[in-house]
2 protein chains.
Amino acid sequence: MEISLVEENYIKAIYKLQSLNEGEGVSTSDLSRHLKNKAASITDMLKRLSLKKLIQYQKYQGVFLTAKGEKIALAVVRKHRLWEVFLTEKLHFSWDEVHDIAEQMEHIKSEELVKRLDRYLGHPKTDPHGDPIPDDKGLFRALQSKTLSHYKRKGKFIFTGVTEHSPAFLQYLSSINLKIGQALLIEQVNEFDGSLKVRINKQQPCFFSEKVSANILVEAIK
Amino acid sequence: MEISLVEENYIKAIYKLQSLNEGEGVSTSDLSRHLKNKAASITDMLKRLSLKKLIQYQKYQGVFLTAKGEKIALAVVRKHRLWEVFLTEKLHFSWDEVHDIAEQMEHIKSEELVKRLDRYLGHPKTDPHGDPIPDDKGLFRALQSKTLSHYKRKGKFIFTGVTEHSPAFLQYLSSINLKIGQALLIEQVNEFDGSLKVRINKQQPCFFSEKVSANILVEAIK
DNA sequence: GCCATATTTTAGGCGAGCCTAAATTTTTTG
DNA sequence: CAAAAAATTTAGGCTCGCCTAAAATATGGC
């Protein structure tokens with residue numbers, strides 16, 4: 001069965017929103033927002049994906065991926081993240097430039113290509129933003145990291161990823177020399193607005209607003 | 001102006017057929033054969049490409065690329081050949097496996113990507129089949145190689161490329177250990193059917209039918 | 001130069017994937 | 001629990017890129 005590029009994008013969006021939604025079906029309006037198509041277009045496509053048994057769809061009730069649909073989603077995510085690694089590691093793109101290009105490359109169809117790319121890159125476990133790369137069976141260990149704003153306390157943390165991939169945000173993190181794997185020392189917590197005083201690598205401290213720390217994933221040390 | 005993947009494929013086909021046609025416009029039926037679409041569909045698209053000023057088209061008179069169209073064709077060819085180099089050099093695909101994958105990758109839109117890929121590959125001048133890679137201005141020096149069947153005489157030649165890219169043909173060449181850059185010694189010419197007795201690299205001699213030697217590009221030595 | 005044949009174009013139709021407007025269903029809320 | 005509001009679906013229409021059948025044009029043989 002042929003799956004078009006557009007269908008793959010719908011599947012990917014459903015997968016993403018489903019993982020945020022925790023158990024709930026994904027709504028037409030969520031998809032409409034995410035894909036920037038009108039709700040009526042979403043309904044259109046949901047019918048087609050349902051016919052192809054890629055999703056479970058009942059009118060007005062939201063939508064779930066079937067096993068078949070999830071397999072496709074994971075394959076696309078795997079390709080996307082592998083290409084992001086390629087673009088940063090081999091072509092030296094910065095982490096804020098790779099998303100749009102990988103968005104195109106993720107649709108290239110060749111199992112052999114993915115296999116060889118993965119080997120060539122040394123079987124990376126995460127992409128440049130810290131997101132885990134599913135293996136060829138679609139398996140990956142879920143991030144156990146939490147956001148900095150979740151902890152809201154002093155202490156030492158390791159920066160493991162981001163939950164926001166906009167160039168502006170990623171460039172900001174680069175500008176303060178924050179890279180995946182680096183240690184963060186939270187020196188002060190402002191209870192009023194949730195902002196944090198943070199020291200990175202013995203540099204001058206900087207301040208994270210609630211909005212920033214809500215998009216920074218970390219693991220606590222000790 | 002947005003150019004779709006399908007439009008790019010038409011442009012590429014026109015470019016290719018134009019270069020064979022030497023001056024003549026490309027006919028609807030040539031394109032129909034090449035793209036495996038019906039003639040009526042070709043006419044359809046020619047009208048659209050003409051509106052976009054990518055081709056010069058007059059009913060019943062065949063078609064030419066405009067400067068704008070040629071620029072696009074060359075950019076696509078450049079990308080196709082660079083990705084073929086990537087696939088063979090970095091991912092160790094064989095030269096008969098890369099065409100279909102590169103056919104997909106050539107449509108990825110990012111000037112920066114092409115620039116970096118080119119640098120990463122060391123600014124290659126030819127692809128794995130010996131075809132020249134246009135530079136970022138679309139310039140390349142045309143192959144001055146001729147086919148083996150053109151020479152039809154004894155002597156020493158360097159194998160520089162192929163004019164046929166089917167996996168079957170390429171695999172045949174691999175099976176007799178013939179690679180780009182290698183020397184070919186023509187030891188005997190059969191006038192009756194145009195077949196050749198050829199020695200490669202001091203191995204057992206092999207025999208090329210007219211059909212094989214018509215698809216092998218060489219440069220004569222001395 | 002005319003006729004037969006081959007090529008090309010026009011006309012009309014179809015599916016994918018999008019849209020707007022209107023109808024329907026669900027959810028909220030007073 | 002009924003009415004208003006919000007979400008969703010249906011109906012109908014559009015473009016792109018393909019098709020078949022029929023009409024128009026070009027070409028090649030006599």
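Bear in mind the structure is a predicted one, so any value in this text is a computation, not a measurement. Letters go in sequence order (proteins before strands), and every chain restarts at 1.
- Considering only side-chain N and O atoms, A:S4 lies under 4.0 angstrom from the phosphate OP1 or OP2 of C:dG17.
- Contact annotation: A:S29 does not reach the phosphate of D:dA6 (side-chain N/O to OP1 or OP2, under 4.0 Å).
- For the pair B:F169 and B:I216, the minimum side-chain heavy-atom distance is below 4.5 Å.
- The distance between atom CG of A:L31 and atom P of C:dG17, rounded to the nearest whole Å, is 15 Å.
- Rounding to whole angstrom units, CD of residue B:E2 and P of D:dG17 are separated by 12 Å.
- Counting only N and O atoms by type, the side chains of A:T66 and A:Q56 include no donor and acceptor under 3.5 Å apart.
- Annotation: the terminal axes of the helix from C:dG1-D:dC30 to C:dG30-D:dC1 meet at 10°, where each axis is the rotation carrying the C1' atoms of four end pairs onto the next four (5 pairs per end, rounded to 10°).
- A:K38 places its NZ atom 16 Å from the C1' atom of C:dA22, with the value rounded to the nearest Å.
- Under a 4.0 Å N-O distance rule, the pair B:E2/B:K109 does not qualify as a salt bridge.
- Residue B:Q61 contributes atom CD, which lies 10 Å from atom C1' of D:dT25 at whole-angstrom precision.
- Atom CD of A:E7 is separated from atom C1' of C:dA16 by 9 Å (rounded to the nearest Å).
- With hydrogens and angles disregarded, a donor-acceptor distance shorter than 3.5 Å links the side chain of A:K125 to the backbone of A:H123.
- Of the residues in residues 45-59 of chain B, B:M45, B:R48 come within less than 4.0 Å of DNA chain D through at least one heavy atom, sorted by number.
- Map B:D30 and A:Y10 each onto its nearest nucleotide of DNA chain C; the residue landing nearer the 5' end is B:D30.
- Straight-line distance from the CE atom of B:M1 to the P atom of D:dC16: 13 Å, rounded to whole Å.
- Of the charged side-chain nitrogens involved, none lies within less than 4.0 Å of a carboxylate oxygen, so that A:K115 and A:E111 do not count as a salt-bridged pair.
- When the P atom of D:dT9 is taken as reference, atom CG of A:N37 falls 15 Å away, rounded to whole Å.
- The listed nucleotides are C:dG17, D:dC19, C:dT20; the one nearest the side chain of A:A40 is C:dT20.
- Looking only at atom types and distance, the side chain of A:H107 has a donor-acceptor partner in the side chain of A:N9 under 3.5 Å away.
- Considering only the side chain of A:T43, D:dT8 comes nearest among D:dG17, D:dC18, D:dT8.
- Residue B:T28 is the one, among A:Y60 and B:T28, whose nearest nucleotide of DNA chain C lies closer to the 5' end (criterion: closest heavy atom).
- In this structure, A:D30 pairs ionically with A:R33, as a charged nitrogen and a carboxylate oxygen lie closer than 4.0 Å.
- A:S41 comes within 4.0 angstrom of a nucleotide base, judged by non-hydrogen atoms across all strands.
- For A:D44 and C:dC18, a side-chain-to-base donor-acceptor distance below 3.5 Å is present, hydrogens and geometry of angles not being considered.
- Between B:I55 and B:I14 there is a side-chain heavy-atom pair separated by less than 4.5 Å.
- Following rounding to the nearest Å, A:E8 (CD) and C:dG17 (C1') show an atom-to-atom distance of 16 Å.
- Remark: side-chain polar atoms of A:K79 are paired, donor with acceptor, to backbone N or O of A:I108 under 3.5 angstrom.
- The side chain to side chain contact (heavy atoms under 4.5 Å, CB included) test applied to A:S149 returns A:T147, A:E210, A:S213, A:A214, not counting sequence neighbours.
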